[in-house]
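Structure first, then comments.
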Amino acid sequence: MTVPVTLTVDPNSVNVTVSLVPGQSGRLEDTEFLSESDGYTSELLGVVRSEVEEAAFHPLSDRASEAVRSWAQRAFGVERTLPFDSGSGHPDLTADPQARSLHHAPAIILREHGQRSVLGFFESIARVLKRPGAQAPLGLAQLLYDLEPEQRTAWGSSKGPVPPALGPEPLFPMLTNAAQLDVLDRLQHDTSVVVQGPPGTGKTHTISNLIAALLADGKRVLVTSEKGQALKVLIDQLPPKLRSMCVLQRDQWQGGSSDLRQSLGALAHLSATTNTERLQQHIETQQAQRRQLLAEQAKLRESLRAVREVEWYEHPEIAPGYRGRLDEIVQTAERGNADYQWLPPLPAQPGQLPPLDTDEAQRLWLLVTQHGPEILDAHIQYCPDPGTLPEPEEVSGRIRDIDAANTALGSEPATPLAQALAEHGDVELAVTEGLLEQAQQALQNMGMSADPAAWQEKSWPTRALEDGP
């Protein structure tokens with residue numbers, strides 16, 4: 001008869017404290033070391049087993065001694081009763097087996113937890129596999145054979161081939177890095193994957209994303225761990241709305257019963273307060289928004305692909321020396337920038353409207369159709385023959401002359417007289433200059449200034465000049 005206990009070590013005094021797990025009942029483990037060949041039978045032990053396993057008791061109490069005494073009277077049938085010694089001394093193990101007696105001698109036994117449960121689990125699997133037409137589950141087959149991904153997905157069962165763990169469009173609510181995404185991608189083509197790494201590399205984060213994706217796909221998820229604390233850390237990383245849908249069951253002596261009660265209570269509250277019709281409408285709305293976002297994503301990816309394709313397209317020669325990719329053509333144009341600075345800058349963006357409207361384009365098409373493309377020759381502005389263009393030195397000299405004239409004029413605006421003179425040719429200006437010189441000579445002969453502002457207003461020469469001939 002066994003009862004689970006916990007051991008606590010004081011780090012200061014190194015004292016070990018042994019405590020019973022509150023509310024934990026005992027268990028008969030006679031089948032672990034006795035069999036029918038020893039004369040053992042369990043037919044009469046139902047009452048004793050119920051008394052031990054249904055209610056908690058102290059292993060040093062009188063109730064425990066009475067349970068051991070009752071077991072000794074029934075374990076070997078009605079024909080043999082095993083003597084029971086209620087004293088605290090240990091039995092003589094060297095005595096003849098037929099003369100041995102049963103003693104109530106408590107002891108602390110350290111052993112691997114859950115060994116009997118694991119053994120019973122595998123025994124039940126063995127019983128199921130012995131049935132006619134039974135198919136071994138994939139998980140059990142992987143314990144015995146090295147199976148490739150194709151073999152795992154093709155492994156047959158009563159429900160057909162085993163599908164990959166994740167569907168084609170899993171939903172991951174949390175961010176993932178490249179290594180975590182690789183693990184999740186592999187589960188879209190396989191039934192299992194082994195992830196190994198030191199603490200802090202994101203294993204729990206990856207499992208949280210995987211659980212959320214499986215739940216969104218309508219699957220049920222079972223997570224097991226050697227340590228209960230790992231399960232607590234995992235459930236804390238799940239999105240808050242998913243935590244209430246999870247049932248946490250840790251070891252009984254680590255608050256497992258309390259965790260189970262809280263989990264079941266949260267599920268009961270969620271079930272009682274959820275309107276299935278409203279929830280279905282919300283799901284459909286979210287799915288429609290997701291489809292819209294996926295379509296927008298596909299559109300943006302196609303636009304990006306088209307932009308990248310334009311960048312790498314090899315253009316034929318569009319002008320002497322200009323060919324290849326767009327960046328190569330731009331680099332060629334920039335290298336000749338110094339030679340073409342006199343050209344006006346091009347607009348940053350082309351015009352939004354085409355040069356011809358629909359009616360003009362139709363009329364142009366009719367003209368070309370009826371009279372041939374030669375009709376456009378009279379209206380096309382061709383580039384002049386380079387042989388008819390002035391030499392660069394001549395153009396530079398003319399530009400320098402213009403700059404010198406502008407400098408001589410200064411920043412003052414031109415008078416109407418200067419504007420009128422500028423509109424006449426060089427011959428007329430030369431005649432004008434000759435007449436001005438003759439007028440200045442005549443004024444000097446009369447003893448008058450060449451500047452009309454200096455003339456005397458009441459003198460007869462001034463009145464004669466102002467009145468004219």
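- For the atom pair CH2 (W312) and CZ (R325), the distance works out to 5.0 Å, reported to the nearest 0.5 Å.
- Between K232 and D236, at least one side-chain N (NZ, or NE/NH1/NH2) sits under 4.0 Å from a carboxylate O, which counts as a salt bridge.
- Between R49 and V52, every side-chain heavy-atom pair lies at or beyond the 4.5 Å cut-off.
- Of all the heavy atoms in L238 and C246, the pair that sits closest is CD1-SG, 3.6 Å.
- Within a 6.0 Å radius of NE2 in H315, more than 12 heavy atoms belonging to other residues, nucleotides or ligands are found.
- The minimum heavy-atom distance linking Q142 with L147 is given by the pair CG-CD1, 4.1 Å.
- Considering CD of Q289 and CG of L293, their distance stands at 7.0 Å, rounded to 0.5 Å.
- Contact of the P239 side chain with the P173 side chain is registered, since non-hydrogen atoms from C-beta on lie closer than 4.5 Å.
- Residues meeting the side-chain hydrogen bond (donor to acceptor under 3.5 Å, both in side chains) test with Q297, sequence neighbours left out: none.
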key: Chi angles and distances behind the side chain to side chain contact (heavy atoms under 4.5 Å, CB included) call for S19, V5   = CA-CA 5 Å; S19 306; V5 297; over 6 Å; no
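- Across all their heavy atoms, A213 and F172 have their closest contact at CB-CE2, 3.6 Å.
- Using a 4.5 Å cut-off on side-chain heavy atoms (C-beta onward), P170 and L184 make no contact.
- Atoms CD1 and CD, on I329 and E317 in that order, are 10.0 Å from each other to the nearest 0.5 Å.
- By the 6.0 Å contact criterion, CD on Q292 is open, its count of non-hydrogen atoms from other residues, nucleotides or ligands being 12 or less.
- In this structure, E314 and G324 approach most closely via the heavy-atom pair OE1-CA, 3.3 Å.
- For the pair K203 (side chain) and P198 (backbone), a donor-acceptor distance under 3.5 Å is present.
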I'd like a table of donor-acceptor pairs (distance under 3.5 Å, sequence neighbours excluded) in which one partner is a side-chain atom from residues 175-182, with atom names and distances.
{"residue": "N177", "atom": "OD1", "partner": "A179", "partner atom": "N", "Å": "3.2"}
{"residue": "N177", "atom": "OD1", "partner": "Q180", "partner atom": "N", "Å": "2.8"}
{"residue": "Q180", "atom": "OE1", "partner": "N177", "partner atom": "N", "Å": "3.3"}

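- The number of heavy atoms from other shown groups lying within 6.0 Å of CZ (R301) does not exceed 12.
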key: Steps toward side chain to side chain contact (heavy atoms under 4.5 Å, CB included) verdict (R290, L171)   = CA-CA 10 Å; R290 182 172 181 267; L171 299 176; 2.9 Å; yes
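- Put simply, CG on L45 and CD on E51 are 11.0 Å apart, with the number rounded to the nearest 0.5 Å.
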request  = Verify side chain to side chain contact (heavy atoms under 4.5 Å, CB included) between I211 and L242, making sure each step is shown before the conclusion.
outcome  = CA-CA 9 Å; I211 291 175; L242 285 183; 5.7 Å; no
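- Salt-bridge check for K299 with E302: failed, with every basic side-chain N at 4.0 Å or more from each acidic carboxylate O.
- Put simply, CG on L279 and CD on E277 are 11.0 Å apart, with the number rounded to the nearest 0.5 Å.
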Acceptor/donor pairs from residues 69-76 side chains to any protein atom, 3.5 angstrom cut, sequence neighbours excluded:
{"residue": "S70", "atom": "OG", "partner": "R74", "partner atom": "NE", "Å": "3.3"}
{"residue": "W71", "atom": "NE1", "partner": "D30", "partner atom": "OD2", "Å": "2.8"}
{"residue": "R74", "atom": "NH1", "partner": "L44", "partner atom": "O", "Å": "3.4"}

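- With Q362 contributing its side chain and D359 its backbone, the two residues share no donor-acceptor pair below 3.5 Å.
- With hydrogens and angles ignored, the 3.5 Å screen pairs no side-chain donor or acceptor of D217 with any backbone N or O of K219.
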message = Before you tell me yes or no, could you show the steps for L326 and E311 under side chain to side chain contact (heavy atoms under 4.5 Å, CB included), namely the whole-Å CA-CA distance, both residues' side-chain angles and the distance that decides it to 0.1 Å?
response = CA-CA 6 Å; L326 289 179; E311 291 178 355; over 6 Å; no
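- For the pair V223/L231, a side-chain contact is recorded, criterion being any heavy-atom separation below 4.5 Å from C-beta on.
- The two residues A67 and V48 come nearest to each other via the heavy atoms O-CG1, 3.9 Å.
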key: salt bridge (charged side-chain N to carboxylate O under 4.0 Å, His left out) evaluation trace for E66 with R63   = CA-CA 5 Å; E66 290 300 323; R63 179 184 170 189; over 6 Å; no
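- Taken to the nearest 0.5 Å, the CE atom of M174 stands 9.0 Å off from the OG1 atom of T206.
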